[in-house]
Amino acid sequence: MSAIVTSGLSKTYKSLGKAPVHSLRDLDLTVDENEVFGFLGRNGAGKTTTIKLLTGLIHPTAGRAQLFGVDTLLPDARRMVGYMPEQPYFYEYLTPKETIEFYGRLRGLTVAERQQAWEQISELLDLRDIADRRIRGFSKGMRQRVGFAVALVGDPPLLILDEPMSGLDPLGRRMIRELILKMRDRGKTIFFSSHVLSDVEEICARVGILVSGKLAACDRITALVGDVPKSVEVCATGLTAEFVAGLGDYVLAREERKEGGHRLVVENTEAANQLATEISRAGGMLLSLHPVQESLEDFFTRIQEGTQISLPEEAQPAALAAAEE
Amino acid sequence: MKRIVAVAENTFRESIRDKVLYVLLFFAACTILGSKILGWISIGQDIKIIKDICLASMSVFGALIAIFVGASLVYKEIDKKTLYTILAQPLHRYEFVLGKYLGLIAIIGVSLLVMTVISVGYLYVMGGYVTLVWFQAILLIFVKLVLVTGFAILLSAVVSPIMGAIIVFSLYVAGHATGVFKDLPPQFDGTVSKQVLETAYYIIPNLNTFNLQSEAANNVAVSGAYVSYAVVYGLAWTAMLLILACLAFEGRDV
Ligand SMILES: Nc1ncnc2c1ncn2[C@@H]1O[C@H](COP(=O)(O)OP(=O)(O)O)[C@@H](O)[C@H]1O
Ligand SMILES: [Mg+2]
């Protein structure tokens, strides 16, 4: 069974005296069980809107969504989800321990189960030493830990995390990344959003890219960026400047490296082979030869540009306003 | 049910850790104790006046808690975004609304209890005594606050706290004055105002139903039947307001 299935999921915000905002249009998405799915998009693309629809915080204008076959309008669907909002807010007057206890009760856990949940979660997120301090004085990183902890209460099979790494220092980002992978290894499905590509690139099997409320692409990263190398980079030393300048047009780029030697770029492996032969004939030494893949970032940029142009007029102001935020 | 209790307990705990409640209780206690000063002014009548002031301060301070805490009860959670993780739990929205409501009612109940103990002790110290009607009067103040809180939470699910507090406060005042709407002087006959005000008489709960202040001050017995009627009247209103509050919150985007 799929963890998440949405069909035609749409959300339009209407408020008095303002033009309606089409935050999400016709989203068809399937996320399989035990998959780490990255949900990409710029600020204002509609990621949070999608996540709020999945967690039942808002109701769709059209379409529907199911979690493990249960419609998101039903409270039962939320039994399957652990959710961490963009900025987790909790009762400031509670301690992490009381917070976990409270959410355990909301999930209907027994006293013993709540005790066990605290033992496991506090261990995993290193909450022991702040267990009895009120959340009021917590730093962003500590709050994020509590946020993750709350998402884990009741051991739900699906974790939905809204920008879990935003605003964290490198150490914090790594912690979240490792937690996500650990949860995947425990068989959980993880759906998380981000506007930072490197977060997604390293840990996701599949990504969806949202542009102005529309799913512009959704696939394995390798399928999106392609297996075929974009170009091949060749580095060599012991070459004279005349030799480098005299190379044929098949060399697309040539430059001197700061650390000595030259960096040359050709289109494909055949061309690289030819270049290697010429280098050794000229008495130079080959240092490296490696294919350059299109990065997800290149793809992301390409798709943003492509889709933005073909969007209907009305979508533009919202997208622009959001981009300015 | 367990989830309602969890939310209610947490709301109760929040207020216990919040200083506002203590400030209000402190002022209420001061008013009760300070009533002595007024008592001196009219010699021979002081116990009666103390009783009057005690009940009035319970009613007013209880209403202040109900209106100002109640009107921000749900809104605050939306505003501070604490609601996100709570509504993402397997709980019905009405369970959340009822939990918040019952938590606040528990606080109001405890506050009234504290004030009752203080007032009874004080009256005995001053050489007075209380009869059944004293407790009946306090019971009906409680029922009145239960109703007002129901109205406050309904508004807190739809409008901002300031707006909500203003509306509830107006209703609180109007609810004490509904008798006036019914018996308008003859110059109002046939005007639109008369129709509006008469309609208001029928759709605004009559809060004077819960007022046994002068009976309690004068030790005049009130029949159990009347008290039961007032309790049922208050609870029926409350039930209707709570249903509306739950419905208003059910479809709301947060
Ligand atoms: N409650 C709301 N009312 C009106 N517009 C909204 C509301 N919430 C979000 N939006 C709009 O919907 C669009 C998508 O927002 P959001 O889903 O938060 O984007 P993201 O999380 O990708 O940054 C934005 O243009 C935003 O301004
Ligand atoms: Mg967002």
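Quick note on labels: first sequence line is chain A, next is B, and so on, each numbered from 1. These values consider heavy atoms only, across backbone and side chains, with no hydrogens, waters or symmetry-generated copies. Here the structure is a predicted model, which means the values were calculated and not measured.
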Side chain, backbone, both or neither of A:Leu94 within contact of chain B (heavy atoms, under 4.5 Å): both
Any heavy-atom pair between the side chains of B:Thr116 and B:Phe135 that's under 4.5 Å? yes
Any donor-acceptor pairs between chain A and chain B, under 3.5 Å? If so, list them.
unit_1, atom_1, unit_2, atom_2, d
B:Glu9, OE1, A:Arg105, NH1, 2.9
B:Glu9, OE2, A:Arg105, NH2, 3.3
B:Asn10, ND2, A:Tyr93, OH, 3.4
B:Glu14, OE1, A:Tyr93, OH, 3.3
B:Arg17, NH1, A:Tyr93, O, 2.6
B:Arg17, NH1, A:Glu98, OE1, 3.2
B:Arg17, NH2, A:Glu98, OE2, 3.0
B:Glu77, OE1, A:Tyr91, OH, 2.6
B:Glu77, OE2, A:Tyr91, OH, 2.8
B:Tyr84, OH, A:Lys52, NZ, 3.2
B:Thr85, OG1, A:Tyr103, OH, 2.7
B:Leu87, O, A:Arg78, NE, 3.1
B:Gln89, O, A:Arg78, NE, 3.4
B:Gln89, OE1, A:Arg107, NH1, 2.8
B:Arg93, NH2, A:Gly56, O, 3.2
B:Arg93, NH2, A:Leu57, O, 3.0
B:Glu250, O, A:His59, NE2, 3.4
B:Asp253, OD1, A:His59, N, 3.2
B:Asp253, OD2, A:Lys11, NZ, 2.6
B:Val254, N, A:Leu57, O, 3.3
B:Val254, O, A:Lys52, NZ, 3.3

Hey, does B:Val231 have a side-chain heavy atom less than 4.5 Å from the side chain of B:Leu140? yes
My understanding is that only residues two or more places apart in sequence, or in another chain, count here; which of them pass side-chain contact (heavy atoms from CB on, under 4.5 Å) with B:Leu247? B:Ile243
Side chain, backbone, both or neither of B:Ile4 within contact of chain A (heavy atoms, under 4.5 Å): neither
Under the side chain to side chain contact (heavy atoms under 4.5 Å, CB included) test against B:Gln213, which residue among B:Leu55, B:Ile141, B:Ile53 passes? B:Leu55
Please name all residues satisfying ring pair (Phe, Tyr, Trp, His ring centres under 6.0 Å) with A:Phe39, sequence neighbours left out, ordered by chain then number. A:Phe191
Counterpart residues, side-chain contact (heavy atoms from CB on, under 4.5 Å), relative to B:Val168 (two or more places apart): B:Ile67, B:Val148, B:Phe151, B:Ala152, B:Leu155
Less than 4.5 Å apart, side chain to side chain, heavy atoms only: is that true for A:Met84 and A:Phe192? no
